[in-house]
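Beneath this line is the structure, given in structure tokens, with notes to follow.
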Amino acid sequence: TFTKEEVAKHNKADDCWVIIDGKVYDVTDFIEMHPAGAQIILDLGGQDVTAQFLAFHRMDVFDKYASQLFKGLLEGGKSRFESKIRRTTQLSRVPFAEPSYWQGFKSPYFNETHTNFRLAVRKFIAREVYPEIDAYVKTGDAPDKDLFLKMGKAGILAANLGPGKHLLEYKGPLPSGIKAKDFDYFHEMILHEEFYRIGAPGLSDGLACGLIIGLPPVVKFGSKELQNRIVPPCLSGEKRICLAITEPQAGSDVANVQCRAVKSKCGTYYTVTGTKKWITNGCQADYFSCAVRTGGKGLKGVSLLLIERGEGVTTKKIPTGYSSCAGTSLVIFENVKVPVANLLGPENGGFKCIMHNFNHERWFIAVICCACARRSLEETIKWCMQRRAFGNRLMKQPVIRARLAELIAQLEAGQSFLEHITYQMQNLSYEDQNRILGGPLGLLKMQVAKMNQFIQDECVQLMGGRGLTQSGMGKVVWRYRSASQYNGILGGSNEVLSDFAVRMLDRAYPRTSKL
């Protein structure tokens with residue numbers, strides 16, 4: 001234990017101590033390594049620099065160096081920092097940083113199993129993902145196989161597909177020990193929220209996206225033999241899969257895909273030739289759930305086919321506005337032989353299969369939007385509480401509070417819409433979902449995609465220059481903002497989905513109803 005007077009004596013380049021959060025640190029050997037230069041530390045040597053530290057550093061900097069530089073405790077000092085374990089494994093105490101049920105509000109949708117599940121997933125991420133996030137973002141490398149195997153062993157990959165027959169047949173454990181029969185869409189929603197609140201949306205996509213949207217067609221429409229061969233290695237982490245629908249010339253116009261699959265005269269295989277573009281996880285995929293044209297023009301000539309990586313399959317990474325960890329790719333098929341047994345659903349009946357898969361994909365993207373917006377909002381609230389300008393904290397400025405109020409209101413409205421649709425997914429029959437849920441799901445995705453983009457833009461604005469920087473205080477907000485517009489394009493653009501929803505209204509309108 002040291003007094004303030006004792007610490008004050010250590011204020012030279014060859015003997016420099018500082019006080020941070022009631023603890024004493026010897027920064028003598030660190031001075032020359034300091035990214036902003038030595039002088040800024042020397043000017044504050046021997047002093048309590050807690051306020052200065054918080055003005056320029058994230059807590060992960062403290063986590064990285066504190067144990068190495070720790071000298072002792074300050075006499076009478078009090079620690080006010082949350083521990084790393086508390087910050088990364090427990091529920092946040094920042095208002096609006098968690099969905100309302102975890103802020104203390106009542107909900108008809110959630111119970112103790114959902115809380116236990118959330119905490120179990122959060123602890124897994126803190127242990128296995130957080131330590132490597134910055135390294136992955138910097139290199140742009142795809143998540144390595146070891147991490148996928150750990151996710152498979154923990155049951156996270158299986159849980160990513162949501163409730164259903166596949167989960168009841170799954171023999172492994174699930175996070176928190178929840179039973180497959182008790183697992184619902186709200187548990188799945190929580191899983192996606194946790195993986196997209198890590199502050200690196202490109203890495204989140206690299207860890208989850210391909211399997212979440214690429215494997216369900218195999219589970220729902222593949223033959224039993226195909227399921228038995230493809231599903232287990234994907235759920236264990238041994239193999240990876242992606243969805244390959246979009247093409248350079250087709251985009252959101254699924255009915256006009258050009259990638260062609262020609263059946264052999266013997267009727268046992270297709271020869272596939274064509275190109276897919278902007279395929280998430282395509283670079284690292286072993287399997288491709290692919291939309292192909294097996295018939296004439298239009299939606300009645302489209303089939304869904306599982307293509308396995310092999311001769312004639314080439315993938316090329318596409319540089320995008322966020323991390324290359326996502327493996328966004330150009331996929332080229334050149335005379336690829338694919339067994340007819342790899343057909344997913346009926347030949348020339350793939351459009352309906354794709355549309356059904358789109359419901360879940362669009363819901364998944366809506367979950368992403370709310371989770372990303374909430375994490376950026378939490379970051380920005382913290383910033384407004386810490387940042388001092390014009391003699392006071394930003395939070396003391398009425399204009400700042402008004403901006404935050406609008407962000408909070410939009411986020412909470414979007415979250416409520418999401419939870420309402422999730423309840424319908426949990427309780428409507430397969431037939432009713434196909435009949436009435438497509439339009440509302442399109443509106444949900446459109447609404448929260450716009451909400452997320454608005455919130456990310458505003459969070460960058462509130463963080464100022466730091467929100468435009470790839471490192472430092474604003475790095476998390478910068479990453480989310482760089483990816484925010486993706487969600488208004490992927491899985492059907494905002495324009496296509498809004499038009500689709502209103503066309504469904506037109507179709508369902510009772511013609512006898514008049515003003």
Side-chain angles (χ1 to χ4, degrees), residues 87-94 96-130 151-152 154-164 166-167 170 172-201 203-205 207-209 211-213 216 235 360-378 411-412 414-427 444-445 448 452 487:
R87 279 185 284 111
T88 59
T89 66
Q90 300 300 309
L91 297 173
S92 175
R93 293 180 288 191
V94 175
F96 303 104
E98 306 282 359
S100 60
Y101 181 76
W102 289 276
Q103 297 175 41
F105 292 90
K106 302 298 182 183
S107 170
Y109 305 131
F110 301 106
N111 55 48
E112 188 178 3
T113 70
H114 297 100
T115 300
N116 293 338
F117 185 80
R118 185 182 291 280
L119 292 175
V121 174
R122 193 166 291 190
K123 288 173 182 175
F124 175 90
I125 292 171
R127 184 177 66 252
E128 304 295 348
V129 181
Y130 265 127
M151 292 169 65
I156 287 171
L157 297 179
N160 263 321
L161 295 191
H166 67 281
L167 205 59
Y170 172 70
L174 292 170
S176 78
I178 189 170
K179 303 298 182 185
K181 64 181 179 63
D182 299 321
F183 190 88
D184 61 24
Y185 280 111
F186 288 101
H187 291 101
E188 184 193 354
M189 182 178 79
I190 289 166
L191 179 61
H192 302 327
E193 286 175 342
E194 290 301 310
F195 268 86
Y196 279 86
R197 70 180 298 278
I198 66 174
L203 177 58
S204 298
D205 275 358
L207 288 170
C209 194
L211 180 132
I212 293 167
I213 64 178
L235 297 187
H360 183 267
E361 178 183 0
R362 288 164 181 167
W363 171 81
F364 164 57
I365 294 172
V367 177
I368 292 174
C369 290
C370 289
C372 293
R374 192 171 296 279
R375 177 65 196 280
S376 274
L377 179 63
E378 179 186 13
L411 174 59
E412 292 303 305
Q415 185 78 33
S416 294
F417 192 3
L418 171 63
E419 291 176 5
H420 164 70
I421 292 294
T422 305
Y423 182 78
Q424 307 313 311
M425 291 172 61
Q426 183 63 33
N427 289 280
L444 167 67
K445 179 185 174 294
V448 296
N452 179 47
N487 299 311

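- Residues Ser92 and Glu378 bring a donor and an acceptor atom of their side chains to less than 3.5 Å of each other.
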(request) Kindly indicate, with the supporting measurements, whether the criterion side chain to side chain contact (heavy atoms under 4.5 Å, CB included) is fulfilled by Gln415 and Phe96. (result) CA-CA 11 Å; Gln415 185 78 33; Phe96 303 104; over 6 Å; no
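- For the pair Asn160/Leu235, no side-chain contact is recorded, criterion being any heavy-atom separation below 4.5 Å from C-beta on.
- Taken from CH2 in Trp102 to OG1 in Thr115, the straight-line distance is 5.5 Å, to the nearest 0.5 Å.
- The heavy-atom pair separating Leu167 from Ala180 by the smallest distance is O-CB, 3.4 Å.
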(message) One pair to check against side chain to side chain contact (heavy atoms under 4.5 Å, CB included): Met151 and Glu128. What are the steps and the verdict?
(response) CA-CA 9 Å; Met151 292 169 65; Glu128 304 295 348; over 6 Å; no
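- A pairwise comparison of heavy atoms in Ala158 and Leu174 identifies CB-CD2, 4.4 Å as the closest pair.
- What you find for Leu444 and Gly414 is that their closest heavy atoms are CD1-O, 4.4 Å.
- With rounding to the nearest 0.5 Å, the separation of CZ in Phe417 from OG1 in Thr422 is 10.5 Å.
- At distances below 3.5 Å, not a single donor-acceptor pair connects side-chain atoms of Lys445 with backbone N or O atoms of Cys369.
- Separating the OG atom in Ser416 from the CG atom in Leu411 is a distance of 9.0 Å, to the nearest 0.5 Å.
- The two residues Pro163 and Glu188 make their nearest non-hydrogen contact at CD-OE1, 4.0 Å.
- Here the side chains of Leu418 and Val448 are not in contact, with every heavy-atom distance at 4.5 Å or above.
- Closest approach of Glu194 to Ile125, counting heavy atoms only: O-CD1, 3.5 Å.
- A distance of 12.0 Å separates CD1 of Ile213 from CG of Leu161, quoted to the nearest 0.5 Å.
- Using a 4.5 Å heavy-atom cutoff, the side chains of Phe186 and Tyr423 are in contact.
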(request) Go through Phe195 and Ile156 one step at a time and tell me if the side chain to side chain contact (heavy atoms under 4.5 Å, CB included) criterion holds. (result) CA-CA 10 Å; Phe195 268 86; Ile156 287 171; 3.8 Å; yes
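- With hydrogens and angles disregarded, no donor-acceptor distance shorter than 3.5 Å links the side chain of Glu193 to the backbone of Val367.
- A salt bridge links Glu412 to Arg374: one of the charged nitrogens lies within less than 4.0 Å of a carboxylate oxygen.
- Within the 3.5 Å criterion, the main-chain N or O of Lys123 finds no donor-acceptor partner in the side chain of Thr89.
- The shortest distance between side-chain heavy atoms of His192 and Trp363 falls below 4.5 Å.
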(request) Decide yes or no on side chain to side chain contact (heavy atoms under 4.5 Å, CB included) for Thr88 and Arg127, but give the supporting numbers first. (result) CA-CA 9 Å; Thr88 59; Arg127 184 177 66 252; over 6 Å; no
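- Taking the centre of each ring, Phe117 and Phe183 come in below the 6.0 Å mark.
- You'll find the side chain of Arg118 reaches within 4.5 Å of the side chain of Pro99, heavy atoms only.
- Formation of a donor-acceptor pair under 3.5 Å by the His114 side chain with backbone atoms of Asn111 is found in this model.
- A donor atom on one side chain and an acceptor atom on the other are not found under 3.5 Å apart for Asp182 and His187.
- Between Ile212 atom CD1 and His360 atom NE2 the span is 7.5 Å, to the nearest 0.5 Å.
- The side-chain heavy atoms of Thr113 and Ser176, taken from C-beta on, include no pair separated by under 4.5 Å.
- Looking at every heavy atom in both residues, Ala371 comes nearest to Tyr196 through CB-CB, 4.2 Å.
- Ring centroid separation for the pair Tyr109 and Tyr101 does not come in under the 6.0 Å cut-off.
- Annotation: the span from Ile190 atom CD1 to Asp184 atom CG amounts to 8.0 Å, rounded to 0.5 Å.
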